[in-house]
Number of protein chains: 2
Amino acid sequence: MTIEPARLPLMANAIRALSMDAVEAANSGHPGMPMGMADVATALFTGHLKFDPSAPHWADRDRFVLSAGHGSMLIYSLLYLTGYAAPTIDDIRNFRQLSSPCAGHPENFLLDGVECTTGPLGQGLAMAVGMAMAERHLNAEFGDDLVDHRTWVIAGDGCLMEGINHEAIGLAGHLGLGRLNVLWDDNRITIDGATDLSTSEDIKARYVATGWHVTECDGHDFADIERALQEAKADPRPSLVACRTLIGKGAPNKQGTSATHGSPLGASEVAAARETLGWAAAPFEIPSDILADWHMAGEPGRRAHGTWAGHLEGSPRKAEFERRMAGDLPEGFSLNAHIAGLIEAPQKIATRKASEIALAAINKALPDTIGGSADLTGSNNTLAGGIGTFSKDDYAGRYVYYGIREFGMAAAMNGMALHGGVIPYGGTFLVFTDYARGAIRLSALQHCRVVYVMTHDSIGLGEDGPTHQPIEHLASLRAMPNLLVMRPCDAVETAECWEIALTQKDRPTVLALTRQNLPQLRLEASAENLSAKGAYRIKAAEGPRKAVILATGSEVSLAAECATQLEAAGIGTDVVSMVCSELFDEQDAAYRADILPADALIVSIEAASTFGWQRYTGCDGLNIGIDSFGASAPASDLFAHFGLTAEAIVPQIQNKLNA
Amino acid sequence: MTIEPARLPLMANAIRALSMDAVEAANSGHPGMPMGMADVATALFTGHLKFDPSAPHWADRDRFVLSAGHGSMLIYSLLYLTGYAAPTIDDIRNFRQLSSPCAGHPENFLLDGVECTTGPLGQGLAMAVGMAMAERHLNAEFGDDLVDHRTWVIAGDGCLMEGINHEAIGLAGHLGLGRLNVLWDDNRITIDGATDLSTSEDIKARYVATGWHVTECDGHDFADIERALQEAKADPRPSLVACRTLIGKGAPNKQGTSATHGSPLGASEVAAARETLGWAAAPFEIPSDILADWHMAGEPGRRAHGTWAGHLEGSPRKAEFERRMAGDLPEGFSLNAHIAGLIEAPQKIATRKASEIALAAINKALPDTIGGSADLTGSNNTLAGGIGTFSKDDYAGRYVYYGIREFGMAAAMNGMALHGGVIPYGGTFLVFTDYARGAIRLSALQHCRVVYVMTHDSIGLGEDGPTHQPIEHLASLRAMPNLLVMRPCDAVETAECWEIALTQKDRPTVLALTRQNLPQLRLEASAENLSAKGAYRIKAAEGPRKAVILATGSEVSLAAECATQLEAAGIGTDVVSMVCSELFDEQDAAYRADILPADALIVSIEAASTFGWQRYTGCDGLNIGIDSFGASAPASDLFAHFGLTAEAIVPQIQNKLNA
């Protein structure tokens, strides 16, 4: 049983009706895009997208990304119409209300079938690149029988105009991701008006220049859409299909204008649209014959799922495939042996180097990792463990040369994490988290296990100067919800941090690592991962405790030096390595009070902005840091210049205690 | 007297020698790019660039931007060789040392002739777009006699691969900035290796698709370079000149490889390079005949400067031109009349709307402003005062439709501010400061007067949900040095904030503005700008003061509501509007202690991350905010959901006081 072509326009109108009605009810939202792309989306979901509404997590489903996330009613309509368990029609009635999973923009954590959170423009397409990478990698690993799907994207002009688009399509073109198909809603309208108000670009030529296949179609002619989709699938390159559409199609007086973009159509225009579309059903009602047609759309996918399940059952790699897709680490995975080796033979190395040797162990024990760097491989020390290069000639490779594309890298890593089956990590300098910040936020919001290997984490990088020296970055990342920011002080803590990061199935981690060598402070074996508490006493006061110094990363050894001098002066001093304040904040009150005793002076030392440290030191404590931009000089000169030496700090602590 | 063409290769070798020697002495730096682009730079500086080494601030000079800022020794060499007062040869000897203005990357605040700080890749070119915009605008305003110069850029592969490149060249192509000429160091090498490791793009085709003129040349053939530069200048479109070069040219064993990119060549390779180049002079010594040739390079510029000075003297617009270029506001500029009008007829409006009506007054009184928005004009309320559209058909216009290019917009604004003569402001949603953050940081580092009009500043934006609701953004921006973050609570404070922002000649401002309406709290005339102190008591305790509530923006009226309920319960409560914490921190200790009395409970209320507020409240205070991501719902539902109501807050304050 297949859907009659003549039914497609009616099915598309169901999307239009739900979209305009939901936006009208919410008195908020974006009807123009769902109405404009209803025909293309109908063609995709009825004829091409491989999906099983009863099994939204099926590993070999096609991924569908609504990069133009403001058009969220498009995907809510599609999920409802094709028979997903959610959203219900009541969820759609409650579009954009607190009780509904149909949020203003699609959120992957609210609805199955929403593969990623979109809304921040350009990132959906860039995440789709990561999904397509993960698909090819797992295909290389597990074969066509288990992994053989496409990634489909609907994107708008905004997605294509954002800078990240250049990075994303450059990566996709270079990697030859032929199973990535982007349907561009070429409606020539943005919020401010016609696209020619702000752009004169030949988008199709740009995509061709970037290694893509490009075709176009009339986005309201089903035969033409079908031809274009077939063409896109047949080409070995990633494809852009320029779908010429009328924004808000069906709203007779407003279609084709920016008036339909981000506001309800209004009661009279909705009535006029019903007239135009010949849509007689009441709001939120879908005629049963049309709903029945829509329910057939998932049939081919259901059948394919059944076949696939048979393949999985018969596969000798079933357990491993399931482990990978579940995101579990291999049984018994641990870095204990690696850490024991460090205890035995302490290393005075940079934590970026410590990360590299930890990664050598990780990448050998954990086939899930896909590493990379935004053109700083030798600086980020991200290539380790003998993993090969991921390229269009070898998708089995596990190291990605991302190029100078920090934002694109981060978004691709989100896409990989969301796809599942792989654990992505990638490096750049900590200061350039600024370039990738939009995607780091989406890692956190979407609960993605992504590990950011951010090296050159302070003025300790030296001569490259203020543009390369992070100051406010640690604070600004710590302020972000659901993100772990870890700054290990030596090789042992670095390994512990990697272990923690890999076990966080539902949140990303930033590892802030030094360029410069650090002494190994952790010299004794520990049964537990001490960093997992977020902060711990790495050196206890010898004399009666009067001060507690909190420090992170490269400043822990400085704090220890200060403590030694203070002890010599009779001032008992704890040194706490605050390796991850988010984890520390999750400890119980007793533990926190033990680390931060009320009867001691609390001092923070970090070669970064002091902003935020007062939550531990209070207003009465002492915050040693750098609240200006850095400078260009050898690292040791800079530490002296900015007062980050025991000579400069110890008297301040003494004065404060004497005050 | 002109420079003989045969001398050019020798002159270029002077750049090579200084670059490799300085990097060698510093044992740090990037010799490959200056050595590779020495010939092109020599051709540019001797034959095309209009500059006067004795007057680096001459308004009508060509702007030269070394977008590939890691090759800083190129510009230091050029400034020294052409006879700028700085750097001296000792400054170059001390390359990358604390005492030298020759920092690792070029810093505009350290050396005249360095038009902007570069190093964060892609932003130099993007700032150059802004410089070229400012040039055309001032040309439209003051005519060819006073404003008639070009903007030249040297960019590397990194600058072209970054996402911001797409935004920047899209804007430049659309605006037809024909006086922008980019010389691309096409050396096919990045840090990780050959460019084909990470990109397969046809860069030239992409530029053509984006509305640029493109030509190419052999970057080591002076005749070919000359032909290409002439061609670039003749074309009415912005130009990309692909200069095919050998990275590290002159270093016989390392040239053409990434080994020359970011490390000293080493003594033996430097010796071999001296041999290859036939360069017999000692390190840091330039043969006098070559130095004499170089000193001639500025001659045409000196003469042009003289002619131009005559034009200025004879111009009826001399005073206005000088005022504009000095960055001074017009005499008597003030918003007092506007504010008096608000006091007379209070407005219950969103602060974005308050910003619009302030801008209407500003844009009429201040011809310097160039406004715009990244495709959110109607949401950011940035178009006001009857300013026309800046377009290639009318560069006199003062409103830029930046398109969906937040990062490109911010960088262009930096370029405009650095060019001088204009005061740029531009809008997007506060959450999308994440997209522009790299450029906001450069606004702050470079001391640029740029005003960021960031609307939709909290969950108060409502239904668009967590991707659009800033949480950590205020904290993360406050952590950045040299940036003012202002969050006004009503229409009066909004006008005060605009007044402050416009008078900050050496730092940028972020205005965080609401989507939702707010009551006007400031109802009495004030002789001074109360917001200028950063925080002030907007409502003093009636009973004996037990609590002080600090709040910003939309939460000030909530704080006032809490205070009213607390007063009714006998708890004297101050309400402080903390409109700009950076300005508050600059007040004297007495003022700060008066606002934050030691004997009261200090409470902060802000619909955002509480991170950082403890610097005012201490660990013993109370921090009301949102430390998770937002949600999609009507604003009032969200405020209730997140506990930002007087009903939820007042009992917490009472409990804390009773504890």
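What you see below is based on every heavy atom in this structure, not just the backbone, and it leaves out hydrogens, waters and symmetry mates. Chain naming here is simple, since letters A, B, ... match the order of the sequence lines and numbering starts at 1 in each.
For chain A, the nearby parts of B:D375 are the backbone and the side chain; heavy atoms of each come within less than 4.5 Å. Looking at B:T199, the atoms closer than 4.5 Å to chain A (heavy atoms on both sides) sit in the backbone and in the side chain alike. Proximity to chain A (any heavy atom under 4.5 Å) is shown, for B:P106, by neither the backbone nor the side chain. Only the backbone of B:Y402 comes within less than 4.5 Å of a heavy atom of chain A; no side-chain atom from C-beta onward does. With a 4.5 angstrom heavy-atom cutoff, B:T118 touches chain A only via backbone atoms. Neither the backbone nor the side chain of B:H70 comes within contact range of chain A; no heavy atoms are under 4.5 Å apart. B:A475 touches chain A through backbone and side chain together, each having a heavy atom under 4.5 Å away. In this structure, no portion of A:T610 lies under 4.5 Å from any heavy atom of chain B. Interface residue A:Y616: only backbone heavy atoms are found under 4.5 Å from chain B. The part of B:Q469 that comes within reach of chain A is its backbone (N, CA, C, O), which places non-hydrogen atoms under 4.5 angstrom from that chain. In this structure, the portions of B:T377 lying under 4.5 Å from any heavy atom of chain A include both its backbone and its side chain. With a 4.5 Å cut-off on non-hydrogen atoms, A:D196 touches chain B through its backbone but not through its side chain. Looking at A:S28, the atoms closer than 4.5 Å to chain B (heavy atoms on both sides) all sit in the side chain, from C-beta outward. With a 4.5 angstrom heavy-atom cutoff, A:L442 touches chain B only via side-chain atoms. In this structure, the portions of A:A444 lying under 4.5 Å from any heavy atom of chain B include both its backbone and its side chain. Residue contact with chain B, scored on non-hydrogen atoms closer than 4.5 Å, involves the backbone of A:T617 exclusively. Residue B:A168 does not touch chain A at all, counting heavy-atom pairs closer than 4.5 Å. Looking at B:S628, only its backbone comes within 4.5 Å of chain A, counting heavy atoms on both sides. Neither the backbone nor the side chain of B:T195 has a heavy atom closer than 4.5 Å to any heavy atom of chain A. Of the atoms belonging to B:V431, it is side-chain heavy atoms, and not backbone ones, that fall under 4.5 Å from chain A.
Taking CZ of B:R615 as the start and CZ of A:F611 as the end, the distance is 4.0 Å to the nearest 0.5 Å. Atom-to-atom distance recorded for B:D192:CG and A:L376:CG is 7.0 Å, nearest 0.5 angstrom. In this structure, CG on B:D627 lies 13.5 Å from CE on A:M480, to the nearest 0.5 angstrom. Going from atom OG of B:S476 over to atom CZ of A:R441 covers 9.5 Å, rounded to the nearest 0.5 Å. Note that CD1 of B:I404 and OG1 of A:T190 are 5.0 Å apart. Values are rounded to the nearest 0.5 Å.
Without hydrogens or angle criteria, A:R206 side chain to B:Y207 main chain gives no donor-acceptor distance under 3.5 Å. Between the B:H174 side chain and the A:L197 main chain, a donor and an acceptor come within less than 3.5 Å of each other. Checked by atom type and distance alone, the side chain of B:H468 never pairs as donor or acceptor with a backbone atom of A:P120 at under 3.5 Å. Without hydrogens or angle criteria, A:D464 side chain to B:G104 main chain gives no donor-acceptor distance under 3.5 Å. Judged by distance alone, with hydrogens and angles left aside, the side-chain atoms of A:Q97 form no donor-acceptor pair with the main-chain N or O of B:A633 at under 3.5 Å.
For the set A:K204, A:H166, A:H473, the entry with the most heavy-atom pairs within less than 4.5 Å of chain B is A:H166. Heavy-atom pairs under 4.5 Å with chain A peak, among B:P481, B:C619, B:G163, at B:P481. Comparing B:R96, B:E201, B:Q614 by how many heavy-atom pairs each has under 4.5 Å with chain A, the most go to B:R96. Counting heavy-atom pairs closer than 4.5 Å to chain A, the top residue among B:N94, B:D620, B:V208, B:L121 is B:L121. The candidate from A:L474, A:D434, A:L383 with the greatest count of non-hydrogen atom pairs under 4.5 Å with chain B is A:D434. Note on B:L445, B:L110, B:T433, B:L160: by heavy-atom pairs under 4.5 Å with chain A, the leading option is B:L445. By number of non-hydrogen pairs under 4.5 angstrom with chain B, the leading residue of A:L596, A:D157, A:T467 is A:T467. Chain B forms more heavy-atom pairs under 4.5 Å with one residue of A:E107, A:E406, A:E463 than with any other, namely A:E463. Among the candidates B:A205, B:G612, B:G465, the residue making the largest number of heavy-atom pairs closer than 4.5 Å to chain A is B:G612.
Taking the ring centroids of A:Y435 and B:F407, they lie under the 6.0 Å cut-off.
For the pair B:S632 and A:H105, the minimum side-chain heavy-atom distance is 4.5 Å or more. No side-chain heavy atom of B:R405 sits less than 4.5 Å from a side-chain heavy atom of A:E162.
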Show, in sequence, the C-alpha distance, side-chain angles and deciding distance for B:R437 and A:E472, and conclude whether the side-chain contact (heavy atoms from CB on, under 4.5 Å) test is met. CA-CA 12 Å; B:R437 197 170 165 93; A:E472 71 278 20; 3.6 Å; yes
